[in-house]
Amino acid sequence: MHIGGLLMNYELLKVEMDSRAHTALIRLNRAEKKNALSYQLRGEMADCLCALEADDAVHAVVITGCDEIFSAGLDLREVGSIDASNKDEFLDSVKAMFNKAALFAKPLISAVSGPAYAGGFDLACLCDIRIASDTARFQQTEVIHGITQIATPHWMCVGLNRIKELAWTGQAVDAAEAYRIGLVNHVYPVSEYLDRAMDMARTIAGFDARAVQASKRMINDCVLMNLESALQHQFLVIAQFFGSEGSKQSAGGFVDKKKK
């Protein structure tokens with residue numbers, strides 16, 4: 001896997017760019033604390049996603065932890081210190097990171113190995129595509145600690161009845177079950193999952209970036225529309241690309257190949 005070099009310096013993230021493939025890799029770099037999403041890490045992640053979104057050379061991004069753990073979720077030491085004086089600041093920090101991931105304009109892939117608990121589970125679900133190792137384990141542990149959780153990105157992956165069960169029982173889901181219920185797209189051995197995620201990112205990044213990003217916006221915009229409204233919106237977006245120079249060149253090249 002060719003990596004073009006470090007894109008930017010963070011303390012709790014390692015960010016690498018493959019300039020030839022137009023991809024970026026974000027590694028959570030707090031393994032000694034189980035990659036817990038601390039205030040500092042959340043700020044760095046939000047800042048990093050903003051920078052990558054603004055960089056026209058980046059077409060697809062992968063977020064990963066380490067082979068042993070993706071993320072144990074929010075830092076419980078911080079959660080335990082919340083009171084009336086700092087609760088709003090704490091929640092604003094969490095919302096800033098999650099909103100940036102949820103609204104990220106470019107394809108975002110999570111490569112998950114080991115536990116993805118609570119906020120770590122949330123971060124994985126906020127990505128467009130999830131690639132798991134066979135040791136991945138997903139769990140909404142908030143109910144165990146007497147708090148509630150976000151649920152929208154999860155039910156969009158697995159459905160309302162399934163996420164209610166996971167949210168209210170704190171039941172863990174292993175990689176095989178996650179694949180069975182549609183929570184993850186693919187499962188690979190630990191030695192392969194990250195390379196496979198980067199392969200997918202490179203494939204996606206190899207296509208027209210404007211078309212891919214428009215497709216992402218269109219799909220997300222249509223999620224809660226009725227069928228008629230969704231189809232109307234999709235054809236409006238499709239019309240922007242039919243007849244474009246890029247589409248004509250691609251279609252013409254395909255036809256020429258078929259003639260040979």
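Here the structure is a predicted model, which is why all the values come from computation and not from measurement.
- Here the closest non-hydrogen pair linking H154 and C125 is CD2-SG, 3.6 Å.
- Between the side chains of Q40 and E11, a donor-acceptor pair is found at a separation under 3.5 Å.
- Checking Q232 against E228 by side-chain atom types alone, no donor-acceptor pair falls below 3.5 Å.
- The side-chain heavy atoms of C48 and I26, taken from C-beta on, include a pair separated by under 4.5 Å.
- A donor-acceptor pair is defined here as one N or O able to donate and one able to accept, closer than 3.5 Å; such a pair exists between the side chain of E44 and the backbone of L12.
- Not one N or O on the side chain of R42 forms a donor-acceptor pair closer than 3.5 Å with the backbone of M97.
- In plain terms, the two heavy atoms of F98 and L123 that are nearest each other are CE2-N, 4.3 Å.
- Of the possible donor and acceptor atoms, one in the side chain of N86 sits under 3.5 Å from a partner among the backbone N and O of D83.
- When side chains are defined from C-beta on, E142 counts as touching D122, because their heavy atoms get closer than 4.5 Å.
- Partners of A36 according to the side chain to side chain contact (heavy atoms under 4.5 Å, CB included) rule, which considers only residues two or more places apart in sequence or in another chain, are R30, D75.
- Of the possible polar contacts, one joining the T203 side chain to the D199 backbone as a donor-acceptor pair under 3.5 Å is found.
- Although no hydrogens or angles enter the test, the distance criterion places a donor-acceptor pair under 3.5 Å between the side chain of S133 and the main chain of T135.
- Judged purely by atom type and a 3.5 angstrom limit, K216 has no side-chain atom pairing as donor or acceptor with the backbone of A105.
- Side-chain contact between L194 and R27: present, with at least one pair of heavy atoms (C-beta onward) separated by less than 4.5 Å.
- Considering L108, V61, I219 in turn, L108 is the only one that fulfils the side-chain contact (heavy atoms from CB on, under 4.5 Å) rule with D128.
- Taking the side chain as every heavy atom from C-beta outward, R20 and D18 approach each other to under 4.5 Å.
- For the residue pair Y193 and D67, a side-chain donor N or O sits within less than 3.5 Å of a side-chain acceptor on the partner.
- A 4.5 Å side-chain heavy-atom check between V212 and I204 finds at least one atom pair inside the cut-off.
- For A178, the side chain to side chain contact (heavy atoms under 4.5 Å, CB included) partners are F138, V173, L183, V184, not counting sequence neighbours.
- Side-chain atoms of S71 come within 3.5 Å of backbone N or O of N35 as a donor-acceptor pair.
- Counting only heavy atoms from C-beta outward, the side chains of L25 and M198 approach each other to under 4.5 Å.
- The shortest side-chain heavy-atom distance between D92 and V94 does not fall under the 4.5 Å cut-off.
- In terms of modelled atom types and a separation under 3.5 Å, the side chain of S38 and the main chain of L41 share a donor-acceptor contact.
- The one candidate from T169, I163, I150 that meets the side-chain contact (heavy atoms from CB on, under 4.5 Å) condition with Q140 is I163.
- Residues H186 and Y179 keep their aromatic ring centres 6.0 Å or farther apart.
- Every pair passing ring-ring contact (aromatic ring centres under 6.0 Å, His included) that includes a residue from residues 30-67 is listed here, sequence neighbours excluded: H22-H59.
- Using a distance-only test at 3.5 Å, with no hydrogens or angles considered, no donor-acceptor pair links the side chain of T23 to the main chain of R202.
- Contact of the Q139 side chain with the I144 side chain is registered, since non-hydrogen atoms from C-beta on lie closer than 4.5 Å.
- Looking at K106, its side chain does come within 3.5 Å of a backbone N or O of L52 through a donor-acceptor pair.
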